[in-house]
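Step one of this worksheet: look at the structure below.
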Amino acid sequence: MNELLFIIEIVMCFLALSFSYKNSKKSGLLAFMIFAIVLGNVVSIKTITVFNLDVSLGIPLYTSLFLAFNMYVQKYGKEDILKIISMVVISSIISSVFLIVGTTYENSEMITNSNSFFNRVFFPNMRLVFSSIISTSIAMFVAANIYFSIKKEQNTIWVSNVFSIIVSQFIDTIIFIGLSSVLDFDPKTLLSICMSRYFLRMIIGILGTVVVYRTSSID
Amino acid sequence: VNVLFLILTLLISIFGIYISYLFFKKDGLYIIIGLMSILAMILSLKIANIYGFEINIGIVPFISILTCLGILIQKYGLKDAKNGFLLSVFLSFTAFIIIFLTARYIPTVTDIIAVNVEDLIITNIRVLVGFVVSLIVSEYLYIYVYRLIGRAFDDIFISNTLAGICSSLIFSVILVAISYAFKFPHTTIMTLTLGRFLFSLFILIVHVPIMYYIDRMKKVK
């Protein structure tokens with residue numbers, strides 16, 4: 001069951017990425033990146049077992065963010081990467097503030113149960129949010145530089161995308177798990193969490209090369 | 001206290017539009033549309049009492065989307081506004097599917113928050129559907145009315161306010177009808193619709209200065 005839902009989620013992310021680029025080109029890619037990081041932070045509260053691996057939700061969204069970023073570097077170069085990374089950070093902070101304020105509003109008595117569920121589910125775990133912001137920013141910076149260097153040497157989308165994904169997802173996973181869970185689990189469990197997360201993100205990123213290829217052919 | 005929270009989110013949304021425009025010009029408006037589409041959907045799941053009115057707290061991000069669409073029509077033309085509209089609709093639809101899937105996944109045994117996620121999403125599925133439907137109708141209406149009024153009076157305040165009145169009214173009616181009809185008495189439904197509509201108008205008017213400010217900034221392609 002989880003495997004099927006996970007595949008549907010991956011397909012939805014790829015479709016949204018393609019549509020965003022097809023509809024609004026550069027603006028669409030930027031909007032999609034912000035969409036992916038914010039929604040990823042929101043849904044990552046739940047953990048599931050998929051393909052026998054325990055992972056938190058939001059993995060397809062986070063990986064799609066890197067695919068969108070690679071597409072951006074492929075099409076428009078790396079001039080704006082620091083501005084994009086800053087915008088990802090600012091958007092994550094804005095969304096966290098909105099959620100903190102949203103959960104702190106005094107509840108209406110009209111739908112008490114639903115409001116209490118809302119407060120419990122959406123009050124952001126600041127440690128997770130900051131770990132996600134820091135790991136994503138560093139990994140995006142590395143991803144752009146690797147993608148651009150390979151593109152300069154050998155202008156092949158799949159080589160640039162695959163290498164950039166392999167390295168950036170590794171860095172993202174290590175920093176994220178390091179910051180968010182290092183004191184909560186023993187080393188063996190931490191290693192297993194890292195491996196599961198990295199493996200799934202790498203597979204989704206490599207599958208996403210098809211989307212990067214297809215959208216790169218759109219003018 | 002709730003009034004202070006409303007004002008705080010209003011200021012943050014205006015700051016967000018400003019900083020995003022400063023960094024990315026037209027692209028920045030699309031970024032805010034993407035960000036606010038998700039926040040509006042998630043926050044629409046909660047109702048708070050402000051000045052005696054039961055308000056769905058997703059109105060601030062929703063009005064920020066309308067503000068960005070207004071700036072796009074005013075400064076860059078109908079084509080860009082329509083692209084912004086389509087992007088907002090598609091991203092909201094994708095967010096709806098992903099949030100729905102989040103509720104359907106079977107959680108790990110150690111996940112203690114999962115049961116709350118499922119309860120929240122399943123009990124509010126009508127709100128999520130209502131949000132997507134009302135977003136489509138009201139954003140389209142906003143662009144249509146803004147363009148129509150913009151031809152007669154070339155003034156941001158008039159175009160934004162009148163287009164905002166129409167789209168906020170439709171948004172409130174559709175969202176409340178789909179989400180809460182047959183669940184609450186008629187009087188409660190009326191209060192919810194009216195409260196949401198009145199606060200939308202207030203938030204729309206507060207967003208006008210940033211529209212003027214951005215409209216007067218130099219246009220950069």
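This one's a predicted model, so the numbers in the text were calculated from it and none came from an experiment. In the text below, chain A, chain B and the rest are named by the order of the sequence lines, each starting its count at 1.
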Working to the nearest 0.5 Å, report the span between CD of A:E9 and CZ of B:R104. 14.5 Å
Taking it one step at a time, do A:E106 and B:N49 satisfy side-chain contact (heavy atoms from CB on, under 4.5 Å)? CA-CA 7 Å; A:E106 277 176 20; B:N49 189 302; over 6 Å; no
Pick one of side chain, backbone, both or neither for A:L61, based on which atoms fall under 4.5 Å of a heavy atom in chain B. side chain
Would you indicate whether B:Y213, at its atom OH, is surrounded by more than 12 heavy atoms from other residues, nucleotides or ligands within a distance under 6.0 Å? no
Does any backbone or side-chain atom of B:I57 lie under 4.5 Å from a heavy atom of chain A? Answer side chain, backbone, both or neither. side chain
I'd like to know which of A:L99, A:V50, A:V43 tops the heavy-atom pair count under 4.5 Å against chain B. A:V43
For chain A, which residues of residues 190-198 of chain B have heavy atoms nearer than 4.5 angstrom: B:L192
How about A:D184: does its CG atom have over 12 heavy atoms from other parts shown lying under 6.0 Å from it? yes
Atom pair CG/CD1 of A:L39 and B:I99 - distance to nearest 0.5 Å: 5.5 Å
Return the minimal non-hydrogen interatomic distance between B:Y105 and A:K46, and the atom names on each side. O-NZ, 2.9 Å
B:I47, part contacting chain A, at a heavy-atom distance under 4.5 Å: both
Please evaluate residues A:F98 and B:S13 with respect to the criterion side-chain contact (heavy atoms from CB on, under 4.5 Å), reporting the C-alpha separation (whole Å), side-chain torsions for both, the decisive distance (0.1 Å), and the verdict. CA-CA 9 Å; A:F98 261 89; B:S13 83; 4.0 Å; yes
One should read off an interatomic distance between B:I98 CD1 and A:I8 CD1, to the nearest 0.5 angstrom, of 11.5 Å
Between chain B and each of A:T47, A:L4, A:V121, count heavy-atom pairs under 4.5 Å; write down the option with the most. A:T47
Does CZ belonging to B:F184 count more than 12 external heavy atoms closer than 6.0 Å? yes
Heavy-atom count check: over 12 atoms from other residues, nucleotides or ligands less than 6.0 Å from A:Y76 OH? yes
Please check this pair: side chain of A:N2 against backbone of B:I106, looking for a donor-acceptor N/O pair closer than 3.5 Å. yes
Within 6.0 Å of CZ in A:R127, more than 12 heavy atoms from elsewhere: yes
Under 3.5 Å, is there a donor-acceptor pair between the side chain of A:K83 and the main chain of B:F23? yes
Check A:T104 against B:F5 and note the closest heavy-atom contact, atom names and distance. O-CE1, 3.5 Å
Bottom line for A:M1: the part with an atom under 4.5 Å from chain B's heavy atoms is side chain
I need the B:Y30 OH to A:S20 OG distance, nearest 0.5 Å. 11.5 Å
Between B:I121, B:L120, B:L43, which shows the greatest number of heavy-atom pairs under 4.5 Å with chain A? B:L120
Over all heavy atoms of both residues, which pair between A:S95 and B:L35 is shortest? Give the atoms and the distance, please. CB-CD1, 4.2 Å
Where on A:I90 is there a heavy atom nearer than 4.5 Å to chain B: the side chain, the backbone, both, or neither? side chain
I'd like to know which of A:V38, A:V101, A:L57, A:I45 tops the heavy-atom pair count under 4.5 Å against chain B. A:L57
Which of residues 77-97 of chain B get closer than 4.5 angstrom to chain A, counting heavy atoms alone? B:N83, B:L86, B:L87, B:F90, B:L91, B:F93, B:T94, B:A95, B:I97
Looking only at heavy atoms, which two atoms of A:Y105 and B:K46 are closest? And how far apart? O-NZ, 2.9 Å
Checking B:T108 against A:T49: is there a side-chain donor and acceptor pair closer than 3.5 Å? no
Reported CG-to-CG distance for the pair B:N116 and A:N119, which is rounded to 0.5 angstrom: 10.5 Å
Considering all heavy atoms of both residues, which atom of B:I31 and which atom of A:S91 are nearest to each other, and what is their separation? CG2-OG, 4.4 Å
Which residue out of B:I50, B:T123, B:L8, B:I42 racks up the most heavy-atom pairs below 4.5 Å with chain A? B:I42
Could you tell me which portion of B:S20 (side chain, backbone, both or neither) has an atom closer than 4.5 angstrom to a non-hydrogen atom of chain A? both
Which answer fits B:M41, side chain, backbone, both or neither, if we ask what part of it has an atom under 4.5 Å from a heavy atom of chain A? neither
Correct closest heavy-atom pair for A:F117 and B:D119 would be CE1-CB, 3.4 Å
Under the criterion side-chain contact (heavy atoms from CB on, under 4.5 Å), I'd like the reasoning laid out for B:L101 against A:F6: C-alpha separation, chi angles, the key distance, then a yes or no. CA-CA 8 Å; B:L101 292 178; A:F6 196 72; over 6 Å; no
Which region of B:L4, side chain (C-beta onward) or backbone (N, CA, C, O), has a non-hydrogen atom less than 4.5 Å from a non-hydrogen atom of chain A, or is it both or neither? neither
Looking at CD1 of A:I37 and CD1 of B:I38, how far apart are the two atoms once the value is rounded to the nearest 0.5 Å? 10.5 Å
So which of B:L29, B:T110, B:L6 has the largest heavy-atom pair count under 4.5 angstrom toward chain A? B:L6
